[in-house]
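Proteins come first, then strands; the chains are lettered A, B, ... in the order of their sequence lines, and each starts at number 1.
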Protein chains: 2
Amino acid sequence: MVATQKRATSQRAAIQAVLAGTDEFVSAQDLHAALRAEGSVVGLATVYRALQDMAAAGDVDSLRNRSGEVLYRRCGQPSHHHHLVCRSCGSTQEVAAPGVEQWARAVAEQYGYVDLDHQVELFGLCAACAAVRD
Amino acid sequence: MVATQKRATSQRAAIQAVLAGTDEFVSAQDLHAALRAEGSVVGLATVYRALQDMAAAGDVDSLRNRSGEVLYRRCGQPSHHHHLVCRSCGSTQEVAAPGVEQWARAVAEQYGYVDLDHQVELFGLCAACAAVRD
DNA sequence: ATCCCTGCAAACTGTTTGCAGTCGG
DNA sequence: CCGACTGCAAACAGTTTGCAGGGAT
C-alpha cells in the first residue's frame with residue numbers, strides 16, 4: 001500500500017485522485033489548476049506541501065523540467081526508472097534501462113564515487129506531435 | 001573556433017576567463033561572485049545574458065541543479081556528453097556513454113519519438129568527500 | 001555614428017514559510 | 001481535546017527584462 005501520509009484529509013485525497021488519473025508528469029501548478037477545475041478548492045501551498053510529502057515518501061516520482069519546474073507523477077515501481085517525455089504534449093513512456101544502471105555503477109566505481117544517484121530522462125517529440133508540427 | 005559571441009567586450013572576456021579556469025560546473029551567481037572577487041565588476045544580469053548566449057552558441061554546457069539552479073561549464077567537445085558530479089564538493093568528471101546514446105536512440109525509435117534529447121547526469125560522493133563524511 | 005552590450009532596478013516565476021484557524025483521530 | 005493540516009499572504013531564490021547610457025566596430 002502506498003499511503004505513507006500522516007493524516008487523511010480531503011485535499012490530500014483529491015490530489016492523489018488527480019495523480020492516479022493521469023499517466024503524465026504534472027507540475028504543482030497544473031495540479032492545482034486541475035483541482036480547481038474539478039471543483040476542489042485547495043490552496044497552492046497545500047498542493048506543494050502534499051506533493052513534497054508524497055515525493056519524500058516515495059509515492060510519486062519527481063523530476064525537474066527544462067524550465068525549472070518540478071514535475072510529479074504517481075509511480076508504481078518501488079525502485080526508480082526512467083522516462084521518455086514528449087516535449088510538446090507531455091505524454092510519458094516509462095522505460096527500462098538495464099544497461100544504464102550498470103554503466104552508472106561502473107563509471108562511479110571507476111572514479112571512486114559512492115552513494116550514487118542518477119538522473120536519466122529522455123525528451124523528444126512523440127509521433128503525434130511530430131506529425132502535427134511536421 | 002569557439003567564439004560565437006557577437007561583440008567582444010571586457011566583461012564577456014572576464015566571464016570566459018573564469019570558465020576557462022575551472023573544470024567544475026558553476027552557477028551564474030557563483031560566476032558573478034567570482035568575478036567580483038577578482039576585481040571585475042560585472043552586473044549580474046550581464047552574467048546571465050552572456051551565459052545564455054554562450055550556451056546557445058554551444059560554447060558552454062548547462063544543466064540544472066537538484067535545487068533548480070542552472071550550472072554552466074566550459075565544454076570542449078562539440079557533441080554533448082555526460083557528467084559525474086560530486087554532490088558535496090561539486091567536482092566533475094566528464095564521462096563517455098556510448099551505450100547510452102545508442103539506448104536512447106533505440107528507445108525513441110521504439111515509441112516513435114523524434115527530435116530526441118537526453119539528460120543523463122550522475123550524482124554521487126567523490127572518494128575524498130566520502131572519506132570526510134564517512 | 002551605429003547598434004550591441006552593460007548596469008541598475010524592478011518585474012516575474014516557481015516555491016517556501018509564518019501564523020491563525022480548522023478538522024481528523 | 002490535541003496536533004497535524006490548511007489557506008492566505010508575504011517572503012524568497014533564481015532568473016529575466018525595460019530603459020538609458022557607453023563602448024566596440
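A/Asp53 places its CG atom 10 Å from the C1' atom of D/dC5, with the value rounded to the nearest Å. The distance between atom NE2 of B/His32 and atom P of C/dA9, rounded to the nearest whole Å, is 12 Å. In this structure, A/Leu31 atom CG and C/dT15 atom C1' are separated by 14 Å, rounded to whole Å. Between the CD1 atom of A/Ile15 and the P atom of D/dC5 there is a distance of 12 Å, given to the nearest Å.
For the residue pair B/Leu84 and A/Ala108, the shortest heavy atom distance occurs at CD2-CA, 4.2 Å. Contact between A/Ala28 and A/Leu44 at its shortest, heavy atoms only, is O-CD1, 4.4 Å.
Looking at A/Arg73, its side chain never comes within 3.5 Å of a backbone N or O of A/Asp61 through a donor-acceptor pair. Under the 3.5 Å distance criterion, the side-chain polar atoms of A/Arg64 are left unmatched by any main-chain donor or acceptor of A/Glu69. Not a single donor-acceptor pair under 3.5 Å links the side chain of A/His32 to the backbone N or O of A/Val47.
Within the structure, a side-chain polar atom (N or O) of B/Gln11 is placed less than 4.0 Å from OP1 or OP2 of C/dG7.
With hydrogens and angles left out, the side-chain atoms of A/Glu38 and A/Ser40 include a donor and acceptor closer than 3.5 Å. There is no side-chain donor-acceptor pair under 3.5 Å between A/Gln52 and A/Tyr72.
Each end of the helix from C/dA1-D/dT25 to C/dG25-D/dC1 gets its own axis, taken as the rotation carrying the C1' atoms of four end pairs onto the next four within a five-pair window, and the two axes meet at 30° to the nearest 10 degrees.
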CA sep, side-chain torsions, deciding dist, call: A/Asp53, A/Arg12, salt bridge (charged side-chain N to carboxylate O under 4.0 Å, His left out): CA-CA 10 Å; A/Asp53 289 352; A/Arg12 232 102 160 161; 2.2 Å; yes

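In this structure, CG on A/Leu122 lies 11.5 Å from CZ on B/Arg105, to the nearest 0.5 angstrom.
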Might you list the N or O atoms of the protein lying below 3.5 Å from N or O atoms in nucleotides 19-24 of chain C, with each pair's distance?
unit_1: C/dG24; atom_1: N3; unit_2: A/Arg7; atom_2: NH1; d: 3.3

N/O contacts under 3.5 Å, protein versus nucleotides 12-16 of chain D?
unit_1: D/dG14; atom_1: OP1; unit_2: B/Glu69; atom_2: OE2; d: 3.2
unit_1: D/dT15; atom_1: OP1; unit_2: B/Val70; atom_2: N; d: 2.8
unit_1: D/dT15; atom_1: OP2; unit_2: B/Tyr48; atom_2: OH; d: 2.4
unit_1: D/dT15; atom_1: O5'; unit_2: B/Tyr48; atom_2: OH; d: 3.4
unit_1: D/dT16; atom_1: OP1; unit_2: B/Gln52; atom_2: OE1; d: 3.0
unit_1: D/dT16; atom_1: OP2; unit_2: B/Gln52; atom_2: OE1; d: 2.5

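Counting non-hydrogen atoms of neighbouring residues, nucleotides and ligands closer than 6.0 angstrom, the CD atom of B/Gln110 exceeds 12 such neighbours.
Residues B/Leu63 and B/Val70 have side chains not in contact (no heavy-atom distance under 4.5 Å, counting atoms from C-beta outward).
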